[in-house]
**Student:** 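My structure is below; once you've seen it, I'll send some questions.
By convention in this document, chain letters (A, B, ...) are assigned in the order of the sequence lines, proteins followed by strands, and residues within each chain are numbered from 1. These numbers come from a predicted model, not from an experiment.
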Amino acid sequence: MEVRVRFAPSPTGFFNLGNARTALFNWLYAKHVGGKFLLRIEDTDKERSKKEYEKNIIEGLEWLGLEWDKKEFSRQSERLDVYEKYLTKLLKEDKVYYCFCTAEELEFERQAQLTQGLPPKYSGRCRNLGEEEANKRLKSERAVIRLKMPEKTISFNDVVRGRVEFNTALIGDIIIAKNLRDPLYNFSVVVDDHEMKITHVIRGEDHLSNTPKQIALYEIMGFEHPIFAHLPLLLGPDKKKLSKRFADVALMDYKKSGFLADAMVNFLGLLGWHPQEDREVLNREELVAEFELKRVQKGGAVFNPEKLEWLNAHYIKLLKVDELAELLKDYVPKDWSAKKDLFKRIIAVEKDRTRKLSDFKNSAQFFFEVPDYDKKMLAWKNTEGDKIINNLKLVLNVVQGVDDDESFRTNAEREIMLVTNKEGRGEVLWPLRVALSGRENSPGPFEIIQAIGKEETVKRIENAIKKLS
RNA sequence: GGCCCUAUCGUCUAGUGGCUAGGACACAGCCUUCUCAAGGCUGGAACAGGAGUUCGAUUCUCCUUAGGGCUACCA
């Protein structure tokens with residue numbers, strides 16, 4: 001049988017890391033077994049669902065490269081007829097009933113139960129109202145639809161957790177719809193997973209306690225339930241469900257701050273799952289090839305931003321200069337990327353030093369404009385002023401004598417190294433590098449020379465000499 | 001409170017009835033070196049506790065403890 005999984009987010013907030021991980025695991029599983037990955041927007045909550053969030057979710061999935069089957073894309077808000085059909089049927093079969101209890105009454109009841117140490121559960125007051133009375137009251141009163149929850153033990157085999165058991169007597173008659181055209185989550189999810197022929201429901205552990213409610217629904221409607229796999233939660237450093245308090249939770253914020261989709265996918269894939277071997281770096285194809293639901297971890301995973309950064313740096317190193325240039329365009333001033341050749345030469349130098357795309361603007365700034373630096377910075381350890389000027393002049397002289405062609409850097413380097421042989425490496429290279437970068441820390445002088453070329457090199461050395469004179 | 005889930009270095013994790021308990025991030029040191037990165041090498045660092053089963057438990061069972069999730073006319 002073809003495996004069919006779905007990612008079913010509700011557009012009530014920005015697409016976050018936890019959801020992204022859930023989507024990824026669904027996608028990886030589908031890809032691994034050659035099944036289908038579907039996207040279903042669960043927008044039954046009219047108040048909280050926003051188009052803006054739906055767009056953000058789709059944007060995020062696209063960024064990560066998690067392709068879903070476009071033909072079978074669906075929105076619950078567009079399937080109200082389907083839910084109504086099932087609801088009507090259940091009503092007719094007396095499997096569900098109208099409940100006229102008000103929210104206030106319910107709240108009062110719940111509080112009373114709670115203070116007595118009882119599990120909060122609906123009393124079942126409206127359960128046996130009878131069709132006639134229900135229909136009468138329906139004309140003037142507001143009502144919700146409740147499931148006649150059978151009292152029994154429901155157990156299921158979770159792929160990651162093994163056997164899990166619940167006693168429905170503790171759950172009670174849950175509300176499955178506000179009315180015929182207003183279904184609630186536990187109901188619509190069951191109808192849709194059935195209609196969409198979902199074989200595996202892979203979702204966060206926070207849904208574990210919803211599962212018995214849904215299984216009860218499956219049984220009552222005469223459907224076979226899918227296989228469940230509940231993923232461990234993504235945790236913050238406080239070990240609680242990851243929240244904005246400790247990190248960006250919105251996926252696209254990571255794109256904004258310069259993370260690569262490849263790094264994100266690799267990182268998320270390792271949160272709660274691990275391949276058999278001691279491997280940490282796996283690209284999309286490798287993840288797909290290795291992924292197994294049985295290897296999913298049971299315990300929650302603390303989100304570790306350092307490792308994400310390390311992976312990001314790794315994937316940046318793997319990129320070709322041209323690819324990186326393309327990605328970097330959105331993170332630097334327009335006139336930088338406009339100077340194509342210079343831009344690429346700089347990228348070649350900075351690539352291994354870049355952890356996030358957003359770092360680049362700061363670290364590469366000096367290539368375009370030397371910051372105003374203190375002349376004291378030009379001194380290597382205790383070298384005297386005259387000596388520094390002298391060394392810079394020697395270098396300047398040598399550089400000016402080198403032809404400005406493709407081999408400029410190589411030739412300049414060779415000539416300058418000749419100077420260092422006599423004057424000392426630090427004594428020559430340090431002031432040179434500071435003159436070229438205006439910074440205490442920077443790439444090496446020859447790397448800079450390679451990027452900025454002869455003319456600019458000469459200019460910067462002359463400026464340094466001027467500063468000292 | 002009730003129900004459910006979980007428990008290996010700080011973090012992500014591998015692993016087994018007998019191992020010097022492995023890897024990665026982070027951290028420290030060294031090498032390289034004009035500085036910073038990158039890279040290479042090395043190091044410190046863990047089986048929550050208590051019973052039981054067993055010749056032997058980190059591994060199996062139970063209890064305790066700790067953490068987490070759920071407990072909506074949200075999903």
Side-chain angles (χ1 to χ4, degrees), chain A residues 8-13 42-45 47-49 76 99 101-103 106-107 110 113-121 142-146 158 160-162 164-167 170-172 174-179 182 184-186 188-189 203-212 230 232-233 235 237-241 267 270-281 295 297-311 313 317 349-355 363 377 380-381 420 424-434 437 439-445 447:
Chain A
S10 65
T12 53
E42 307 222 319
D43 54 353
T44 49
D45 185 336
E47 276 80 54
R48 297 200 306 149
S49 296
Q76 292 191 323
C99 169
C101 300
T102 65
L106 260 19
E107 184 54 31
R110 180 169 37 243
Q113 286 165 335
L114 237 30
T115 50
Q116 286 173 62
L118 295 166
K121 171 187 156 186
R142 278 195 46 186
V144 297
I145 300 172
R146 281 186 188 272
D158 190 283
V160 340
R161 266 149 238 283
V164 183
E165 269 189 14
F166 288 91
N167 181 192
L170 268 15
I171 299 172
I174 57 165
I175 301 175
I176 61 165
K178 295 189 199 179
N179 58 60
D182 228 334
L184 257 22
Y185 168 72
N186 281 122
S188 55
V189 79
R203 66 200 345 179
E205 193 195 331
D206 44 345
H207 283 295
L208 197 57
S209 43
N210 279 324
T211 309
H230 288 92
L233 257 19
L235 273 23
D238 59 346
K239 305 269 189 181
K240 288 195 168 65
K241 217 168 151 181
F267 175 71
L270 255 23
L271 245 30
W273 174 85
H274 198 275
Q276 277 185 333
E277 319 82 69
D278 279 337
R279 285 209 290 160
E280 317 289 327
V281 180
R295 293 187 63 80
Q297 211 74 18
K298 289 190 183 80
V302 174
F303 171 74
N304 174 205
E306 274 101 19
K307 191 150 184 177
L308 207 210
E309 273 209 29
W310 173 78
L311 274 169
K317 273 175 228 149
V349 174
E350 289 290 331
K351 198 163 74 139
D352 287 357
R353 294 174 165 79
T354 307
R355 287 177 80 79
S363 49
M377 215 199 281
W380 162 248
K381 293 185 176 164
T420 67
R425 293 171 80 106
E427 285 79 355
V428 176
L429 264 18
W430 173 273
L432 202 218
R433 194 180 53 74
V434 172
S437 67
R439 299 198 326 195
E440 197 99 35
N441 301 327
S442 80
E447 289 176 282

**Student:** Reckon A/Arg295 touches a base, only the sugar-phosphate, or nothing at all at heavy-atom distances under 4.0 Å?
**Tutor:**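 Touches sugar-phosphate only.
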**Student:** Any side-chain heavy atom of A/Leu208 within less than 4.5 Å of one from A/Arg161?
**Tutor:**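 A/Leu208 vs A/Arg161: side chains touch.
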**Student:** When both hydrogen-bonding distances must be under 3.5 Å and the geometry is Watson-Crick or G-U wobble, what is B/rC73 paired with, if anything?
**Tutor:** none
**Student:** If you look at every strand shown and take non-hydrogen atoms under 4.0 Å, does A/Asn441 touch a base, only sugar-phosphate, or nothing?
**Tutor:**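 Counting heavy atoms under 4.0 Å across all strands, the contact made by A/Asn441 includes a base.
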**Student:** For B/rC9 versus B/rC4, give the span between their P atoms, rounded off to a whole number of Å.
**Tutor:**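 It comes out at 27 Å once rounded to the nearest Å.
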**Student:** NA contact type, A/Gly424, heavy-atom cut-off 4.0 Å: base, sugar-phosphate, or nothing?
**Tutor:**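 Nothing, no heavy atom under 4.0 Å.
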**Student:** Please give, in whole Å, the distance from B/rC34 C1' to A/Trp380 CH2?
**Tutor:** 5 Å
**Student:** Quick one, A/His207 with A/Tyr185, criterion side-chain contact (heavy atoms from CB on, under 4.5 Å). Give me CA distance, side-chain angles, the key distance, then yes/no.
**Tutor:** CA-CA 11 Å; A/His207 283 295; A/Tyr185 168 72; 3.1 Å; yes
**Student:** Please say whether more than 12 non-hydrogen atoms of neighbouring residues, nucleotides or ligands are located less than 6.0 Å from NZ in A/Lys121.
**Tutor:**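 Yes.
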**Student:** Hey, does the side-chain of A/Arg353 have a donor or acceptor N/O within less than 3.5 Å of a partner on the base of B/rC36?
**Tutor:** yes
**Student:** Could you state the CG-P distance from A/Asn167 to B/rC3, rounded to the nearest angstrom?
**Tutor:** 10 Å
**Student:** Does the protein touch nucleotides 63-75 of chain B at the base, only the backbone, or not at all? Give it as B, S and - per nucleotide, heavy atoms under 4.0 Å.
**Tutor:** ----SSSSSSBBB
**Student:** Report yes if some heavy atom in the side chain of A/Ile171 is under 4.5 Å from a heavy atom in the side chain of A/Pro212; otherwise report no.
**Tutor:** yes
**Student:** Does the side chain of A/Pro443 reach to within under 4.5 Å of the side chain of A/Arg353, using non-hydrogen atoms?
**Tutor:** yes
**Student:** Can you confirm whether A/Ser442 sits close enough to A/Val434 that some side-chain heavy atom of one is under 4.5 Å from a side-chain heavy atom of the other?
**Tutor:** no
**Student:** Under the ring-ring contact (aromatic ring centres under 6.0 Å, His included) rule, collect the residues that match up with A/Trp310, sequence neighbours excluded.
**Tutor:** none
**Student:** A/Val302 has a side chain; which of B/rC12, B/rG39, B/rC5 sits nearest to it?
**Tutor:** B/rC12
**Student:** So for A/Arg433 and B/rC34, does any side-chain atom that can act as donor or acceptor lie under 3.5 Å from a complementary atom in the base?
**Tutor:** yes
**Student:** May I have the distance from A/Phe267 (atom CZ) to B/rU13 (atom C1'), rounded to whole angstrom?
**Tutor:**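 Whole-Å distance recorded here is 12 Å.
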**Student:** Please work out if A/Val164 contacts a base, only the sugar-phosphate, or nothing of the nucleic acid, heavy-atom cut-off 4.0 Å.
**Tutor:**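 The residue A/Val164 makes sugar-phosphate contact but no base contact.
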**Student:** Hey, does A/Lys121 reach any base, or is it just sugar-phosphate, or nothing, if we go heavy atoms under 4.0 Å?
**Tutor:** nothing
**Student:** Counting Watson-Crick and G-U wobble pairs only, both distances under 3.5 Å, name the nucleotide matched with B/rC27, or none.
**Tutor:** B/rG43
**Student:** So does A/Lys381 get a side-chain nitrogen or oxygen closer than 4.0 Å to the phosphate oxygens (OP1/OP2) of B/rU35?
**Tutor:** no
**Student:** Taking B/rU58 as the reference, what is the distance to B/rA26 when you measure between their P atoms (whole Å, please)?
**Tutor:**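 Approximately 32 Å lies between the P atom of B/rA26 and that of B/rU58.
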**Student:** Please figure out whether A/Lys298 or A/Thr354 has its closest RNA chain B nucleotide nearer the 5' end.
**Tutor:**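 Its nucleotide being nearer the 5' end, the pick is A/Lys298.
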**Student:** When the C1' atoms of B/rC19 and B/rA38 are compared, how many Å lie between them, rounded to an integer?
**Tutor:**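 My reading of the C1' atoms in B/rA38 and B/rC19 gives 35 Å.
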**Student:** Which part of the nucleic acid does A/Glu309 contact within heavy-atom distance under 4.0 Å: base, sugar-phosphate only, or nothing?
**Tutor:**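 No contact.
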**Student:** Does the side chain of A/Trp380 reach to within under 4.5 Å of the side chain of A/Arg433, using non-hydrogen atoms?
**Tutor:**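 Of all side-chain heavy-atom pairs linking A/Arg433 with A/Trp380, none is under 4.5 Å.
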**Student:** Counting the atoms with a prime plus P, OP1 and OP2 as sugar-phosphate, which does A/Glu165 contact under 4.0 Å by heavy atoms, base, sugar-phosphate, or nothing?
**Tutor:** sugar-phosphate
**Student:** Determine yes or no for a side-chain-to-main-chain donor-acceptor pair under 3.5 angstrom, with A/Asp43 supplying the side chain and A/Gln76 the backbone.
**Tutor:**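 Yes, the answer is positive, given that a donor and an acceptor are paired below the 3.5 Å cut-off.
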**Student:** Would you call A/Glu107 and A/Arg110 a salt bridge, taking side-chain N to carboxylate O under 4.0 Å as the test?
**Tutor:** yes
**Student:** With a 3.5 angstrom cut-off on both distances, give the Watson-Crick or G-U wobble partner of B/rA51, or none if there isn't one.
**Tutor:**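 The base-pairing partner of B/rA51, which may sit in any strand shown, is B/rU61.
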**Student:** Quickly work out the A/Leu311 CG to B/rU11 P distance and round it to whole Å.
**Tutor:** 19 Å
**Student:** Just to verify, what does A/His274 make a ring-ring contact (aromatic ring centres under 6.0 Å, His included) with, not counting sequence neighbours?
**Tutor:** none
**Student:** Are the side chains of A/Arg203 and A/Thr211 in contact, using a 4.5 Å heavy-atom criterion?
**Tutor:**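 They are in side-chain contact.
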**Student:** Could you tell me how far B/rG50 sits from B/rG44 if I compare only their P atoms? Round to whole Å.
**Tutor:**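 It works out to 25 Å between them.
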**Student:** Would you mind reporting whether A/Leu311 and A/Val281 have side-chain heavy atoms less than 4.5 Å apart?
**Tutor:**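 The answer is yes; the side chains approach within 4.5 Å.
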**Student:** Are more than 12 heavy atoms, taken from residues, nucleotides or ligands other than A/Arg295, located less than 6.0 Å from that residue's CZ atom?
**Tutor:**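 Result for CZ/A/Arg295: enclosed.
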**Student:** For A/Glu165, give me all partners under salt bridge (Lys or Arg N to Asp or Glu O under 4.0 Å), at least two apart in sequence or on another chain.
**Tutor:** none
**Student:** Using nucleotides 57-59 of chain B, report all nitrogen or oxygen pairs with the protein that are shorter than 3.5 Å.
**Tutor:**
none

**Student:** Say we look at B/rG17 and B/rC47: how far apart would their C1' atoms be, to the nearest angstrom?
**Tutor:** 15 Å
**Student:** What string of B, S and - do you get for nucleotides 20-28 of chain B, 5' to 3', when a contact is any protein heavy atom under 4.0 Å?
**Tutor:** --BBBSS--
**Student:** For atom P, what is the distance between B/rG10 and B/rC27, given to the nearest Å?
**Tutor:** 16 Å
**Student:** When you compare B/rG52 with B/rU11, how far apart are their P atoms, in angstrom units rounded to a whole number?
**Tutor:**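 Pairwise P distance, B/rG52 against B/rU11, rounds to 30 Å.
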**Student:** For A/Pro443, answer base if it contacts any base atom (sugar-phosphate contacts may also be present), sugar-phosphate if it contacts only those atoms, and nothing otherwise; contact means non-hydrogen atoms under 4.0 Å.
**Tutor:**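 The residue A/Pro443 makes base contact.
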**Student:** Without decimals, in angstroms, what is the distance between A/Glu350 CD and B/rU35 P?
**Tutor:**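 My rounded result for the distance is 17 Å.
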**Student:** Which one is paired to B/rC34, where only Watson-Crick or G-U wobble pairs with both distances under 3.5 angstrom count?
**Tutor:** none
**Student:** Side chain of A/Arg425: nearest nucleotide among B/rC5, B/rU33, B/rA38?
**Tutor:**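 Looking only at heavy atoms from C-beta outward on A/Arg425, the closest nucleotide is B/rU33.
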**Student:** With rounding to whole Å, what would you report as the distance between B/rA21 and B/rC30 at their P atoms?
**Tutor:** 29 Å
**Student:** Reckon A/Pro431 touches a base, only the sugar-phosphate, or nothing at all at heavy-atom distances under 4.0 Å?
**Tutor:** nothing
